[in-house]
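Down below is the structure, laid out as structure tokens.
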Amino acid sequence: MMIVELIDGDDFRAQLTALGIDIPENADPDTCAQIAAEAHRKQEVTELPTLVHKLMDQQDILLPSVRHAIERFLPFE
């Protein structure tokens with residue numbers, strides 16, 4: 001049996017924090033995405049679009065709450 005680790009809100013927050021975006025520890029995926037979008041608008045976070053594309057390419061292990069937050073607040077083409 002293969003066990004796959006899902007990408008949840010904590011993983012999403014950790015990846016955004018690794019890009020230098022300051023996000024509170026208790027932030028849900030929507031809040032994380034909103035803060036990331038605002039940070040990107042204020043001063044471009046060059047790695048953010050790449051991260052978003054990478055996460056969206058992993059939809060089979062991306063929890064719906066994270067996917068919906070990305071779609072709503074970080075719609076990079």
Side-chain angles (χ1 to χ4, degrees):
M1 177 165 76
M2 185 173 168
I3 298 175
V4 177
E5 175 115 9
L6 299 177
I7 300 170
D8 63 10
D10 291 335
D11 297 321
F12 183 45
R13 182 192 165 280
Q15 291 184 43
L16 293 172
T17 301
L19 296 181
I21 301 169
D22 187 26
I23 299 177
E25 284 189 36
N26 62 346
D28 62 20
D30 276 350
T31 302
C32 289
Q34 288 175 323
I35 292 171
E38 183 62 28
H40 189 68
R41 276 191 291 277
K42 286 182 179 177
Q43 180 177 351
E44 183 179 6
V45 181
T46 56
E47 302 91 356
L48 184 58
T50 302
L51 173 63
V52 167
H53 289 295
K54 182 184 108 182
L55 291 171
M56 294 304 283
D57 285 343
Q58 299 176 344
Q59 287 196 30
D60 54 334
I61 61 171
L62 187 64
L63 286 182
S65 60
V66 177
R67 182 175 51 82
H68 292 303
I70 291 170
E71 290 172 345
R72 287 182 62 203
F73 302 106
L74 298 168
F76 294 109
E77 295 298 321

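Every heavy atom of this structure was used, including side-chain atoms; hydrogens, water molecules and symmetry mates were not.
Sequence neighbours left out, the pairs with a member in residues 14-29 that pass side chain to side chain donor-acceptor pair (under 3.5 Å) are Asp28-Thr31. Note on residues 54-75: no pairs pass ring pair (Phe, Tyr, Trp, His ring centres under 6.0 Å), not counting sequence neighbours.
Side-chain atoms of Leu51 and Leu74, non-hydrogen and from C-beta on, never get closer than 4.5 Å to each other.
To the nearest 0.5 Å, atom CG of residue Leu16 and atom CG of residue Leu48 are 6.5 Å apart. Distance CD1/Ile61 to CG/Leu55: 9.0 Å, rounded to 0.5 Å. In this structure, His53 NE2 and Ile70 CD1 are separated by 10.5 Å, a value rounded to the nearest 0.5 Å. Taking CD1 from Ile23 and SG from Cys32, the interatomic distance works out to 4.5 Å, rounded to the nearest 0.5 Å.
Among residues two or more places apart in sequence or in another chain, the salt bridge (Lys or Arg N to Asp or Glu O under 4.0 Å) test is passed with Glu71 by Arg67. Listed by chain and number, the residues in a side chain to side chain donor-acceptor pair (under 3.5 Å) with Gln59 amount to none (sequence neighbours excluded). Listed by chain and number, the residues in a side-chain contact (heavy atoms from CB on, under 4.5 Å) with Gln43 amount to none (sequence neighbours excluded). Residues that satisfy the side chain to side chain donor-acceptor pair (under 3.5 Å) test with Asp8, not counting sequence neighbours, are absent from this structure.
Ring geometry for His40 against Phe76 counts as perpendicular: the plane angle is over 60°, on a 0 to 90° scale with 30° as the lower cut.
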Working for side chain to side chain contact (heavy atoms under 4.5 Å, CB included), residues Phe12 and Leu63: CA-CA 10 Å; Phe12 183 45; Leu63 286 182; over 6 Å; no

Side chain to side chain contact (heavy atoms under 4.5 Å, CB included) evaluation trace for Val45 with Glu47: CA-CA 6 Å; Val45 181; Glu47 302 91 356; 4.0 Å; yes

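The main-chain N or O of Ala36 is never found under 3.5 Å from a side-chain atom of Arg41 such that the two would form a donor-acceptor pair.
A pairwise comparison of heavy atoms in Gly9 and Val66 identifies N-CG2, 3.7 Å as the closest pair.
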